[in-house]
Amino acid sequence: MAQEWFRTHCARFDHGGCGLKVSIKDGRLDKVVPDPDDPFSHGWHCRKGLSAKERLESPLRLTQPLRRTGPRGSGLWELVGWDEALDLLAQHFSRAIQTLGPESVAFAQGAPKGPEFFLLLRLANLLRCPNVAGSQHVCHMPREQMALVTCGFFPVADLEGPSRCVLLWGSNPPATNEEGVLGGHLHACLNQGARLVVVDPVRTAVAEKADVWLQIRPGTDDLLAMGFLHVIVEEGWYDREFVEQWTVGFEDLRRAVKAYTPQRVAAGCWVPEEKIRAAARLYAQNRPACLQWGNAVEHTPRSADTCRALVHLMAVTGNLEQPGGNIRADMPRLMPLKDMIALDDFPDRPKKLLNHHHRILPRLISVPSWMVVQSILNQAPYPIRSLYMQGTNPLLSYTDAAVVKKALESLEFLAVADQVMTPTAALADLVLPVALPMEYNDIGHYGLPHGFVTARPKLVDPPEGCRSDLWIINEWAKRMGLGDRFWPKEEDILEAIVAPSGLSFRELCAKGVVFGPKRYRTYEDKGFKTPSGRVELRSSLLEKWGFSALPAAEDPAPLPEDFPFLLTSRKPKDFFHSAYRHLERLRQKHAEPTVWISPDSAARLGISEGQKIFIETAHGRIAQRAHLTEALRHPVILADFGWWFPERTGDPLRGWAASNLNMLTGVGRTDPVMATPQVRAIPCRLTPA
Ligand SMILES: Nc1nc2c(c(=O)[nH]1)N[C@H]1C(S)=C(S)[C@@H](COP(=O)(O)OP(=O)(O)OC[C@H]3O[C@@H](n4cnc5c(=O)[nH]c(N)nc54)[C@H](O)[C@@H]3O)O[C@H]1N2
Ligand SMILES: Nc1nc2c(c(=O)[nH]1)N[C@H]1C(S)=C(S)[C@@H](COP(=O)(O)OP(=O)(O)OC[C@H]3O[C@@H](n4cnc5c(=O)[nH]c(N)nc54)[C@H](O)[C@@H]3O)O[C@H]1N2
Ligand SMILES: [Mo]
């Protein structure tokens, strides 16, 4: 049969969604190539996206629902049909809710991958269950929520403005396409001559291009951000007119940053004083300038205050809502999120959330995953006995992995929907095999403040026994008596989401990408969406909720003698968190878990290139292979995140603990506002294995 070409967008490989051209032959995927005509990615792509065929055709894919027959985690299963699987889910959850109440069950998803996260929230809300565990508290939400309280919108870097200066803070877009800002967009902006400041403990490929690279001591971003504000305020580089007309609390901020002198900040952050001044000036003097922040700013001790100080930086330099600065990226008209998640059906949700019990910010949409884990283990403030998980692998991705395992093992019922038998799925009572991108109709970036949606049409049939997450939730909901609040078919969900745009799903696919309106300085008409209508450098909302109205930072403690190294991490370039170690093409490039250490550190310990070493923290010990590199400096090390071994099929849990970074993390200290545990900047020691 002839080969036919189609256009679609990459999905579930990172935050991007690059345009791809896909050829289909005899009903099967044949070739996948980048789409140079895509209006969003313009041909930018990575190895992951090009592995789509391998992902669909992997022999390790799950293709039938499985029910546990042996002890939990024994790897003993029987095949069941979908009818039986859905009945089991529905009967179990209905019974649990009737007998123990809706708080006794929970749902979980990791990084949202498409509309399925919001459909899961809808199901939970209609069941009046407040427990939807997510990774939002370590992913994006500290940034988003601190921006919302300060300036009323999520400020997105407008690289195409064009910008005259980019401040890249704990973000690595060429490897992660973080927040839909593609590495390609950043390259284009730099090629047009924008200046570049990079804040990163690692000399990344993009740090090499920087005018100023601040090789920060991991975990001191709060201090450095306050130091930037100090320089800009004290030296008078702020935008006086904007500050006067459009902010409240500037004098309070001036007092708050006074103590963070470059001298003090330099000592804490291990960055020369002069470089701090130079970087702050470069950013403040080259307007418009945009700040692109990443995961690192919220993985370190004071996540909320770090994020808030960075919003202040955008504000006082007059870069908010300016072309080339940090702008509002309004979505195209789609079904409002609050309707999709049926928020109005559960008015007392905020009070029922574990978030309320733990007294964190009242606006977080999901429950920080560790709270659900503790609730399972401690049965307080209420016990959670049953859990449904989709698109998440908590044994690898939640902090304190050993405790997570204990919690999952103690559940009465655990169901997991995934594409392969992950260590987490191996602990389940019921495992559901999912259809993958290109095997069902889907849209990208719905519900995220990225300013656009991408079409991801179905191009091939999934394996016979696989179903999309959308289908599973929709059908499950019907069996829970919620048919009238869900949709007849899976496709109807997408039509309903897209309808307000005036398009059908087919029409969206024909366009490929739909952007929201790009508008600047909207505050001139309407003010900012805060209680005062201005940017609140002194936050009335945080004050009202019992938090400090102004950000503060801490000087880091010296490293303890028994843990003299400082462990940090980043997202794997060739994988998505813990996923895709089973794809040959990706695994070839990155065969084993690897920890980067400086030649200086290695010499002190007598460690050589490629040697297996133990990394040990107060929480646990793992092994990874040493790679010696000048990209970081003693005593900082950069370990791989997300490793397990899908090929170790003899072990039901697939070597889940041996190299798992989250064996080394804990929830001893969490951010008071956002509940973020510290996942980077952890004191550790190294020994040859
Ligand atoms: N130490 C440490 N911990 C971290 C982080 C860190 O940097 N360091 N990062 C944190 C962050 S930012 C995040 S977002 C989380 C991520 O946490 P998770 O989302 O739990 O991480 P993943 O490993 O991506 O797990 C996703 C699972 O979904 C499966 N999957 C892929 N596509 C689909 C699909 O369409 N449907 C279903 N049902 N399953 C699918 C994959 O096979 C994989 O097993 O981890 C957090 N944890
Ligand atoms: N390839 C790939 N892409 C992904 C993902 C993936 O797993 N793989 N995950 C997606 C998800 S859910 C997220 S949240 C994003 C995250 O994407 P990014 O925000 O880009 O986050 P990371 O790669 O985790 O870290 C960014 C940079 O922070 C640096 N860093 C480490 N510690 C510190 C520190 O203490 N301070 C500072 N300033 N920098 C530090 C690292 O060296 C790294 O270069 O990526 C998304 N895209
Ligand atoms: Mo994330």
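Each ligand, and each atom within it, is numbered from 1 in the order the structure gives.
- Residues K458 and D461 are paired through a salt bridge, judged by an N-O separation under 4.0 Å between the basic side chain and the carboxylate.
- The single protein non-hydrogen atom nearest to atom 7 (O) of ligand 1 is K571 NZ, 2.8 Å, given as residue, atom name and distance.
- Taking atom 47 (N) of ligand 1 as the reference point, the nearest protein heavy-atom neighbour is S397 O, 2.7 Å.
- In summary, the atoms of ligand 1 found under 4.0 Å from a heavy atom of T422, numbered by their order in the structure, are 44 (O).
- Aromatic ring orientation, W82 versus W471: perpendicular (interplanar angle above 60°, classes split at 30° and 60°).
- Heavy atoms from both the backbone and the side chain of N295 come within less than 4.0 Å of ligand 2.
- Considering each of E298, Q419, M141, R12, the one bringing a non-hydrogen atom nearest atom 31 (C) of ligand 1 is Q419.
- Counting the atoms of ligand 1 from 1 in the order shown, those under 4.0 Å from a heavy atom of C139 are 12 (S), 14 (S).
- Atom 36 (N) of ligand 1 has its closest protein heavy atom at D469 OD2, 2.6 Å.
- Only the side chain of E178 comes within contact range of ligand 2, with a heavy atom under 4.0 Å; no backbone atom does.
- Each of the following atoms of ligand 1 lies closer than 4.0 Å to a heavy atom of A417: 37 (C), 38 (N), 39 (N).
- For ligand 1, the atoms lying closer than 4.0 Å to a non-hydrogen atom of N662 are 1 (N), 2 (C), 3 (N).
- At least one heavy atom of A175 sits less than 4.0 Å from an atom of ligand 2.
- The existence of a salt bridge linking D651 and R648 is excluded, since no basic side-chain nitrogen approaches an acidic carboxylate oxygen closer than 4.0 Å.
- A distance-only check finds a donor-acceptor pair linking the side chain of N660 to the backbone of L395 [under 3.5 Å].
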*Dump the intermediate steps for side-chain hydrogen bond (donor to acceptor under 3.5 Å, both in side chains) on T676 and S303, then the final yes or no.*
CA-CA 7 Å; T676 322; S303 98; 2.9 Å; yes

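- Salt-bridge formation is detected for the pair R143/E179: a Lys NZ or Arg NE/NH1/NH2 atom is positioned less than 4.0 Å from an Asp or Glu carboxylate oxygen.
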